[in-house]
Amino acid sequence: MQNKKNVLNYVFGNGTYKHLEELLTLKRRSNKETAIIFVDHFFRSTTNFLNQIDQERDLIFYIDSNEEPSTDMVDSLVNEITEKMSSDEICALVGIGGGVVLDVTKAVSNLLTNSGKAEDYQGWDLVKNPGVYKIGIPTISGTGAECSRTCVMMNVKKNLKLGMNSDYTIYDQLILDPSLTKTVERNQYFYTGMDSYIHCLESLNGSYRNGIGDVFSEKSIELCREVFSSEEMMSDEMREKMMLASYFGGCAVANSLVGVVHPFSAGLSVVLGIHHCLANCIVMNVMEDFYPEETKEFKLFMDKQKIELPKGITDELTDAQFDKLYLSTIIHEKPLENALGANFKTILTKEVVIKIFRRM
Ligand code: NAD
Ligand code: ZN
């Protein structure tokens, strides 16, 4: 049975982040219970942001989002927390940031109530117990990490990028406050925002579809079109629309599968260490063979918003690196099958895959 779950509670609107302490108070059984707050390192230098947090009682961890989350990083955060307190003494975890911080918070929440290491739960439906109650506050829009049922982590030893796909990974509460995305750097805003557009176009072009996923995808794409065709993609109005596009895009992914872009993008992340959303855009720029209309539209968005992409990123690579790129793309069987059918390897031969990488 495909029994789908979405985030249960959310507040939406400018300034709603100020309700954080109010929401935490509802969860505290005693005034001593600690909230653990994971915040993107960008907010270390912004004053006022965490004023409502009692830093004597609550624990704040600043997360360096220059690195995408790894299983080692998650394990070491869990160790640090469990040395200080047991999970009964924690009223909630809060993740404030982009996909990196939102995913770290989800993974730590699951591990505080499930023994073992992060890598034990990389896969589908391996988490046994509900995690610690968690609140997500996205500060950049696009990945849908705020509402998806996964938290992506790099497992360096296994050369594997995979999340804990589980209903327990879904946030219990969201605060969707578009005012928080005002400070995002323009290129980054575009790259991350485009993740919504790409997830949804991949879903809609795939064979694994259902009515609910389609409606979420269509709405998300419609909002992305408004944002990226507008005169200023980062106006107050457009940042609000982008936050909604991200939310609906995340709900869409929970009900469908990605396609050709994400496997190629994963190859770039694993072999060249390029971050997810930038890697997606680099791939989308050369997807004429698979998504001709959408590739054309993507280029129009880039022109309209004056966005630059790095060029020639595979110019200097060795044959061994191209082999690795091929292998780390073709390993993503589920999405490739969704996009191209069970015989996808006859379409995506090694030669074809490498030719596409050479165009980036
Ligand atoms: P991010 O967390 O990688 O952050 C990108 C940059 O934006 C960082 O430099 C960060 O400091 C900065 N930033 C964030 N908010 C800001 C703000 N308000 N003002 C100024 N700077 C700000 O962002 P992302 O692109 O949202 O996330 C990428 C991650 O999400 C990857 O690790 C990817 O694997 C993961 N991801 C997860 C899912 C999921 O469903 N769980 C889906 C897609 C991607
Ligand atoms: Zn993505």
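Hydrogens, waters and symmetry mates are skipped; everything else that's a heavy atom, side chains included, is used. Whatever order the structure lists them in is the order used to number ligands and atoms, beginning at 1.
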Note to self: Which label fits Phe38 and Phe61: parallel for a plane angle under 30°, tilted from 30 to 60°, or perpendicular past 60°?
What the structure shows: parallel
Any N/O of [X] closer than 3.5 Å to an N/O of ligand 1?
X      : result
Ser148 : yes
Thr192 : yes
Ile140 : no
His199 : no

For atom [atom1] of [X], decide whether the heavy atoms of other residues, nucleotides or ligands shown that lie under 6.0 angstrom number more than 12.
X      : atom1 : value
Lys5   : NZ    : yes
Lys117 : NZ    : no
Glu231 : CD    : no

Does Phe290 form a side-chain contact (heavy atoms from CB on, under 4.5 Å) with Glu202? I'd like the steps, not just the answer. CA-CA 10 Å; Phe290 303 101; Glu202 289 179 290; over 6 Å; no
- Message: Report whether any nitrogen, oxygen or sulfur of Cys277 sits less than 2.8 Å from the Zn ion (ligand 2) (N, O or S, backbone or side chain).
- Response: no
Pick one of side chain, backbone, both or neither for how [X] approaches ligand 1, counting any non-hydrogen atom pair under 4.0 Å.
X      : answer
His41  : side chain
Phe43  : side chain
Pro69  : side chain
Cys277 : side chain

Taking only heavy atoms of [X], which atoms of ligand 1 are found under 4.0 Å from at least one of them?
X      : result
Val184 : 16 (C), 17 (C), 18 (N), 19 (N), 20 (C)
Thr150 : 39 (C), 40 (O), 41 (N)
Val152 : 34 (O), 37 (C)

NE2 (His262) to the Zn ion (ligand 2) to NE2 (His199), nearest 10°, is 80°
Considering only non-hydrogen protein atoms, determine which one is nearest to [atom] and report residue, atom name and distance to 0.1 Å.
atom                    : value
atom 9 (O) of ligand 1  : Ser65 OG, 3.9 Å
atom 14 (C) of ligand 1 : Thr139 OG1, 3.6 Å
atom 11 (O) of ligand 1 : Asp40 OD1, 2.7 Å
atom 7 (O) of ligand 1  : Gln188 CG, 3.8 Å
atom 20 (C) of ligand 1 : Thr183 O, 3.3 Å
atom 33 (C) of ligand 1 : His276 CB, 3.7 Å
atom 1 (P) of ligand 1  : Val100 CG2, 3.9 Å
atom 23 (O) of ligand 1 : Gly99 N, 3.6 Å

The atom name of the N, O or S atom in Asp195 nearest to the Zn ion (ligand 2) is OD1
Practice task
Determine, step by step, whether Glu218 and Arg225 satisfy the salt bridge (Lys or Arg N to Asp or Glu O under 4.0 Å) criterion, reporting the C-alpha distance in whole Å, the side-chain angles of both residues, the deciding distance to 0.1 Å, and the verdict.
Solution key: CA-CA 11 Å; Glu218 283 158 8; Arg225 285 197 174 118; over 6 Å; no
Let's go through Leu126 and Ser166 carefully: what are the C-alpha distance in whole Å and the side-chain angles of both, what is the deciding distance for side-chain contact (heavy atoms from CB on, under 4.5 Å) to 0.1 Å, and is it a yes or a no? CA-CA 7 Å; Leu126 301 171; Ser166 161; over 6 Å; no
Between [Y] and [X], is there a salt bridge with N-O shorter than 4.0 Å?
X      : Y      : answer
Lys306 : Asp303 : no
Glu337 : Lys345 : no
Arg28  : Glu33  : no

- Yes or no on side-chain contact (heavy atoms from CB on, under 4.5 Å) for Arg29 and Cys91, after CA distance, side-chain angles and deciding distance? CA-CA 8 Å; Arg29 283 159 300 187; Cys91 68; 5.9 Å; no
Joining Ile, Leu, Val, Met, Phe, Trp and Tyr whenever any side-chain heavy atoms lie under 4.5 Å apart, the cluster holding Leu244 also takes in Val7, Tyr10, Phe12, Leu102, Ile170, Tyr171, Leu174, Leu176, Ile212, Phe216, Leu223, Met243, Tyr247, Phe248
- Task: Taking atom types as modelled, find out whether Thr192 and Gln188 have a side-chain donor-acceptor pair closer than 3.5 angstrom.
- Result: yes
Name every donor-acceptor pair, under 3.5 Å, that has one atom in a side chain of residues 350-360 and the other anywhere in the protein, sequence neighbours excluded.
from   : atom 1 : to     : atom 2 : distance (Å)
Lys350 : NZ     : Asp323 : OD1    : 3.0
Arg359 : NH2    : Val286 : O      : 3.0
Arg359 : NH2    : Glu288 : OE1    : 3.4

Candidates Asp103, Asn165, Asp195, Val104; heavy atom nearest atom 35 (C) of ligand 1 found on Asp103
